[in-house]
Amino acid sequence: MKRFILAAIAAVALGGAAYADTIKVGVIGPFSGPFALQGKNFKAGIDAYMALNGKKVGNDEVEVIYRDVPQADPAQSKALAQELVVKEKVQYLAGFYFTPDAMAVTPILKQANVPMVIFNAATSAIVTKSPLVVRTSFTTWQTSTPIAEVAYDAGVKKVISVVSDYGPGVDAENAFKAGFEKQGGEVVQAIRMPLSTNDFSPIMQRIKDSGAQGVFAFLPSGPTTLGFVKAYNENGLKAGGIKLFAPGDLTQESDLPALGDAALGMQTTFHYAISHDSAENKAFIAAADKAIGNPAELTFPAVGAFDGMHVIYKMIEATGGKQDAQKAVDAVKGLSWVSPRGPVTIDAESRHITQNIYLREVAKGSDGKYYNKEIQTFEKQGDPGLAAAK
Ligand code: PHB
C-alpha cells in the first residue's frame, strides 16, 4: 500500500512537471464580407508573431481560435465572445476591428476572468469600460490631434470636418476641432455620415458649398475610405485646391494602388507605415508578407495584432499559463518594447499604447509603387482623448 501511494505521488509529480496546457486565444474580427481584408491582416500579424516567436510560452502551447463578425455588429460580437469563453474556454479575447464590437464585450470580461487585447478599435472610451482591457492599436484622438497642427501650418484656416457617425468618428471630429482651434483655425461645419454611407457625391457638394479651404475626414479603413478618397478626387475637390487632411486610415497601403495618382501628395498622420525604416519593421514585414501571401494586401491592423500577441505572450508568461485576468493585465502595465512601428509603452494607468505618430505623404517609389513616406515624427504620444472619455 505504502509503495503504491509513493508511486502515485511520484507519477503525479512527474506528470505535473511534464504537464503542458493549451492556452486558447479567441480572436474576433471581420474575416468575410467587405472588411475581410482587415481581418486577414489580424491573422497575418498573429501568424507573423508566432512564426518569429514560436507557438509556445514556457510549456504551454498557444492556440488561436477565430470568430467572424463581418460588419460592426455588437450583438453578434457579444454572442461569439460568450461562446468562446463558455464553450471553447478561451483565456484571452482579442482582435476587435470595430468599436461597437469591442464595447459590447467589455461587460462580460470580469465574470469570465478574461482580459481583452484590442488590436484595432480606436474609440478612447473603450479602455475605461473595464479594467481588463489593453489596447495595442491607436485612438482617433491620438492620430487626429497632430493633423490639426499640420493643416494650420499648411496655411489652411477654415476647415469642414466629415466623419462616420459612431465612436471613432465623433472622437476624430472632437480631436481635430480641439487641435485646430488651439492653433487659431476654425471648423466651419461638422458633418456626421451614417456608417453605411457609400455614395459620397452629395457630401462632396456640401464640402464645396461650405467655402472651407480644407476638409478633415475620418472613416473606418475599408471599402468606404477608398470610395471617399476617390470621390474627393472625381468630384474635382483636389483639382479645386480643397486640401484633404486625415488620419492614416484614409491612405492604408492596400488601397494605394486603386487610388493611384488621386492620393499622391496626400498628408496623413498615423502610428504605422509599411515603409517604416527600422530593423524591427524589416523582420516584421518579411514574416507578415509570408503570412498574408500577397504583400500588396498588408496594412496596419497586422501591426496591432502583432503587438497584441506580444502583450498576450507576456501575460501568459506572467501568469504561468494560469487563468488570472487581473494578474495578466497588471503584468503588462508599463511594458515597453520596440514595435515594428517604433518604441511603444502600455501606459500603466490607461492600458492604452503610447507611441510615435508620424506625418506621412503619399509618394511614388522608384519601383513605381505608391507608399506612405514618413516625413515628421510626433514623439511618444499618449491618448489625449482619455480626459474626454471619462
Ligand atoms: C473603429 O471602429 O474603432 C475603427 C475601425 C477602423 C478604423 C479605425 C477605427 O480604421
Side-chain angles (χ1 to χ4, degrees), residues 120 122-124 135-164 167-187 190 212-221 225 229 243-253 263 265-278 281 299-300 303-304 307 339-345 347 350 352-363 371-389:
N120 189 70
T123 302
S124 287
R135 176 162 44 199
T136 56
S137 50
F138 58 95
T139 65
T140 49
W141 264 96
Q142 210 172 18
T143 56
S144 302
T145 300
I147 197 73
E149 199 179 314
V150 171
Y152 192 82
D153 289 348
V156 172
K157 308 295 178 239
K158 283 185 193 300
V159 164
I160 178 168
S161 107
V162 181
V163 302
S164 297
V170 173
D171 275 9
E173 177 191 294
N174 288 330
F176 184 84
K177 186 174 157 64
F180 200 54
E181 285 178 351
K182 199 167 138 202
Q183 300 289 324
E186 187 193 347
V187 176
Q213 302 155 301
V215 52
F216 166 75
F218 167 81
L219 298 88
S221 270
T225 41
V229 180
K243 288 193 170 136
L244 175 54
F245 299 98
D249 312 73
L250 268 72
T251 61
Q252 66 167 342
E253 282 81 358
M266 192 174 151
Q267 294 195 335
T268 58
T269 41
F270 217 34
H271 61 301
Y272 179 66
I274 299 287
S275 68
H276 183 71
D277 187 14
S278 73
N281 192 42
T299 174
F300 67 92
V303 88
D307 287 330
S339 153
R341 70 187 92 172
V344 297
T345 300
D347 180 71
S350 68
H352 175 70
I353 196 161
T354 299
Q355 58 193 331
N356 294 341
I357 298 295
Y358 305 91
L359 171 63
R360 314 95 47 81
E361 189 169 291
V362 178
Y371 70 108
N372 286 303
K373 181 182 181 180
E374 290 179 354
I375 53 179
Q376 192 185 332
T377 305
F378 298 84
E379 280 184 11
K380 290 191 187 154
Q381 303 292 299
D383 181 15
L386 282 168

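For the pair Thr354 (side chain) and Gly382 (backbone), a donor-acceptor distance under 3.5 Å is absent. Checking side-chain atoms of Thr345 against main-chain N and O of Asp347 turns up no donor-acceptor pair under 3.5 Å. Using a distance-only test at 3.5 Å, with no hydrogens or angles considered, no donor-acceptor pair links the side chain of Asp307 to the main chain of Ser137. Under a 3.5 Å cut-off, the side chain of Ser275 and the backbone N or O of Asn372 do form a donor-acceptor pair. Judged by distance alone, with hydrogens and angles left aside, the side-chain atoms of Gln142 form a donor-acceptor pair with the main-chain N or O of Gln381 at under 3.5 Å. Listed for the Thr225 side chain is no donor-acceptor partner under 3.5 Å among the backbone atoms of Leu250.
Between atom CD1 of residue Ile147 and atom CG of residue Leu359 there is a gap of 6.0 Å, rounded to the nearest 0.5 Å. Atom OG in Ser161 sits 11.0 Å away from atom CZ in Phe180 (nearest 0.5 Å). We find the CD1-CD distance between Ile274 and Gln252 to be 9.5 Å, quoted to the nearest 0.5 Å. Here the OG1 atom belonging to Thr299 is positioned 5.5 Å from the CD atom belonging to Glu253, to the nearest 0.5 angstrom.
Here the side chains of Val150 and Gln267 are in contact, with some heavy-atom distance below 4.5 Å. Taking the side chain as every heavy atom from C-beta outward, Ser164 and Pro220 approach each other to under 4.5 Å. Side-chain contact between Arg341 and Asn356: absent, with no pair of heavy atoms (C-beta onward) separated by less than 4.5 Å. Within the 4.5 Å cutoff, side-chain heavy atoms of Asp249 are placed close to those of Phe138.
Smallest separation of non-hydrogen atoms from Pro247 and Thr143: CB-OG1, 3.5 Å. The two residues Gly385 and Trp141 make their nearest non-hydrogen contact at CA-CG, 3.2 Å. Scanning both residues, Phe176 and Ala148, for their nearest heavy atoms gives CE1-CA, 3.5 Å. When all heavy atoms are compared, the tightest approach of Ala154 to Phe245 is CB-CZ, 4.2 Å. Residue Tyr152 comes nearest to Lys157 through the heavy atom pair O-NZ, 3.2 Å, listed as atom of the first residue, atom of the second, then distance. Between Val303 and Ser339, the closest heavy-atom pair is CG2-OG, 4.3 Å.
Of the candidates Thr139, Asp383, Val163, Thr123, Thr123 is the only one forming a side-chain contact (heavy atoms from CB on, under 4.5 Å) with Asp171.
Ring geometry for Tyr358 versus His276: interplanar angle of 30 to 60°, hence tilted.
Aromatic ring centroids of Phe300 and Tyr272 lie 6.0 Å or more apart.
The environment of NZ in Lys158 is sparse: at most 12 heavy-atom neighbours from other residues, nucleotides or ligands sit within 6.0 Å.
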Step-by-step side chain to side chain contact (heavy atoms under 4.5 Å, CB included) determination, Ile357 to Phe270: CA-CA 5 Å; Ile357 298 295; Phe270 217 34; 5.8 Å; no

Go through Arg360 and Thr251 one step at a time and tell me if the side chain to side chain contact (heavy atoms under 4.5 Å, CB included) criterion holds. CA-CA 10 Å; Arg360 314 95 47 81; Thr251 61; 3.4 Å; yes

Take Val362 and Tyr371 through the side chain to side chain contact (heavy atoms under 4.5 Å, CB included) test and state the conclusion after the steps. CA-CA 6 Å; Val362 178; Tyr371 70 108; over 6 Å; no

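By the 4.0 Å N-to-carboxylate-O rule, Lys177 lies close enough to Glu181 to be salt-bridged with it.
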